[in-house]
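The structure under discussion appears below in the form of structure tokens.
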Protein chains: 2
Amino acid sequence: MPRKRSISPRKLPKQERSRITVEAILEATTRILTEEGYDKASTNHIAERAGIGIGSLYQYFPNKESIVAALMEQHSNEIAEIVESKLSHLFDRPIEMVIPELIKAAIAAHAINPRLHQVLNEEIPQSERLQQMQQAEKRIAGLLRAYLERWNDDIHPRNLEMTVFILGRTVESLCHSAVLEHPDFITNSQFEREVSDLLLFYLKRTN
Amino acid sequence: MPRKRSISPRKLPKQERSRITVEAILEATTRILTEEGYDKASTNHIAERAGIGIGSLYQYFPNKESIVAALMEQHSNEIAEIVESKLSHLFDRPIEMVIPELIKAAIAAHAINPRLHQVLNEEIPQSERLQQMQQAEKRIAGLLRAYLERWNDDIHPRNLEMTVFILGRTVESLCHSAVLEHPDFITNSQFEREVSDLLLFYLKRTN
DNA sequence: ATATTATATGAGTAATTGCTCGTATTTGAG
DNA sequence: CTCAAATACGAGCAATTACTCATATAATAT
């Protein structure tokens with residue numbers, strides 16, 4: 001009977017000081033990931049930069065994997081919440097209004113901590129990167145699908161599933177790369193405008 | 001004077017048997033990366049699966065980094081060549097013909113070894129992933145820019161640099177994700193058609 | 001004050017890592 | 001055949017890794 005490698009915390013902090021310890025661990029991990037990269041994020045180093053003993057770290061996290069998982073869930077939720085809160089009001093608005101807002105939201109979400117987002121997305125070994133990260137994308141894909149279905153009379157995509165995929169991937173990929181590789185694109189609103197056009201002409205096409 | 005960590009081979013193979021050894025090393029590394037992931041690719045393990053001694057490995061590669069770098073350059077060249085050879089004939093053809101071919105080429109390029117492409121793109125620590133990988137994208141971006149300039153009278157993008165970026169990123173990202181996450185999309189030609197529409201309506205827009 | 005629980009600690013361990021170096025074998029030129 | 005150059009080898013080292021455990025301190029409850 002192979003014991004599953006647990007991801008959940010070893011024990012929950014009950015006093016204030018331990019809450020601070022847990023926070024320090026997550027903060028230190030974030031700093032290391034963004035400043036030094038994933039391969040420098042050893043548990044010993046995390047404890048050191050958090051200013052705690054290595055033993056304390058293992059009081060609350062059963063293994064290294066669970067620390068990164070906690071960080072992913074946190075970051076993933078922040079992103080999904082930004083997009084969801086911006087789009088939830090716009091369900092009955094026409095697509096010309098929704099798409100630009102979606103793009104603005106995606107850029108804002110990526111601007112929280114671009115480097116952390118990059119490391120979490122690109123540097124974590126597959127085996128550790130559970131579904132947690134893609135969970136945000138799933139939630140957003142659900143929103144998009146619901147929206148497209150609600151406006152079915154105006155948009156009528158050839159293939160709903162494929163359109164949701166193209167929409168989601170394009171927005172995510174373009175905003176992600178732009179924030180990291182072309183911060184100059186983001187300063188004015190031209191980039192938003194271009195990406196909006198890309199998607200709007202596609203969705204509104206008639207044939 | 002800090003000695004730079006070299007990437008180039010320690011010595012060049014001069015006899016046939018050493019050429020075989022070098023090939024075995026690269027092949028074993030590819031197999032490990034695709035089957036077991038980057039974090040299982042230790043130099044000892046590579047030598048073992050290549051059927052050679054660890055000492056032999058270090059005859060031709062100064063360090064682990066250089067093995068991955070060699071693999072990246074190889075893979076990167078294969079991809080760039082596929083796309084370039086397909087597009088070089090089409091410089092004077094209209095965009096309605098070129099875009100679908102570009103997408104077909106991109107899908108074909110990603111189909112060579114999708115899992116290797118994924119690991120090389122998503123699992124290698126930033127510090128090791130030199131520019132070599134993005135070199136293929138740079139070459140392709142150059143082609144796209146030249147094409148857009150040649151058809152400047154028909155397409156007149158608002159911002160050439162931004163349009164090249166959007167074009168390149170969208171094609172790469174959609175083909176990459178589709179091959180890995182939606183192989184069912186690839187079997188028929190509907191996906192090609194959809195992505196073509198996405199880009200064509202954008203490029204041909206008049207306003 | 002005492003007992004119980006929660007929290008903190010870091011020396012130590014077993015495993016793995018990238019890599020060296022002395023030595024052995026094979027090859028091809030003269 | 002001779003011999004220098006090319007190639008192969010792998011035991012072993014220093015460094016790093018994830019993680020344990022015995023012990024100590026602090027907070028809380030009674």
message = Distance alone, cut at 3.5 Å: any donor-acceptor contact between the side chains of B/R139 and B/N77?
response = yes

A/I95 and A/L200 have their tightest heavy-atom pair at O-CD2, 3.6 Å

When we call it a touch if two heavy atoms are under 4.0 Å apart, what does A/T43 touch: a base, just sugar-phosphate, or nothing?
base

side-chain contact (heavy atoms from CB on, under 4.5 Å) filter on A/E27, not counting sequence neighbours, yields A/R31

Protein heavy-atom contacts under 4.0 Å, written 5' to 3' over nucleotides 2-12 of chain C as B (base), S (sugar-phosphate only) or - (none), form the string ----BBBBBB-

When rounded to whole Å, the NZ to C1' distance for the pair A/K40 and D/dA15 reads 13 Å

From CG of A/D39 across to P of C/dT17 the rounded distance in Å is 14 Å

Q) Within the distance-only criterion (no hydrogens, no angle test), does the side chain of A/W151 pair as donor or acceptor with the backbone N or O of A/F91 below 3.5 angstrom? A) yes

A/E65 atom CD is separated from D/dC19 atom C1', nearest whole Å, by 14 Å

inquiry  = Check B/E81 with B/K86, please: is the shortest side-chain N to carboxylate O separation under 4.0 Å?
reply    = no

Whole-Å distance, A/E48 CD to D/dA18 C1', equals 16 Å

* In terms of side-chain heavy atoms, does A/Q118 have a donor or acceptor partner in A/H176 at a distance below 3.5 Å? -> no

Between NZ of B/K64 and C1' of C/dT20 the distance, given in whole Å, is 18 Å

Tested for side chain to side chain contact (heavy atoms under 4.5 Å, CB included) against A/R115, the lone hit among A/T34, A/L33, A/T30 is A/T34

With the side chain defined as heavy atoms from C-beta on, B/N63 is closest, among C/dT17, C/dC19, D/dA18, to C/dC19

Axis-to-axis angle across the helix from C/dA1-D/dT30 to C/dG30-D/dC1, five pairs each end, nearest 10 degrees, ~ 0°

Aromatic plane relationship, B/F185 with A/F165 - under 30° parallel, 30 to 60° tilted, over 60° perpendicular:
perpendicular

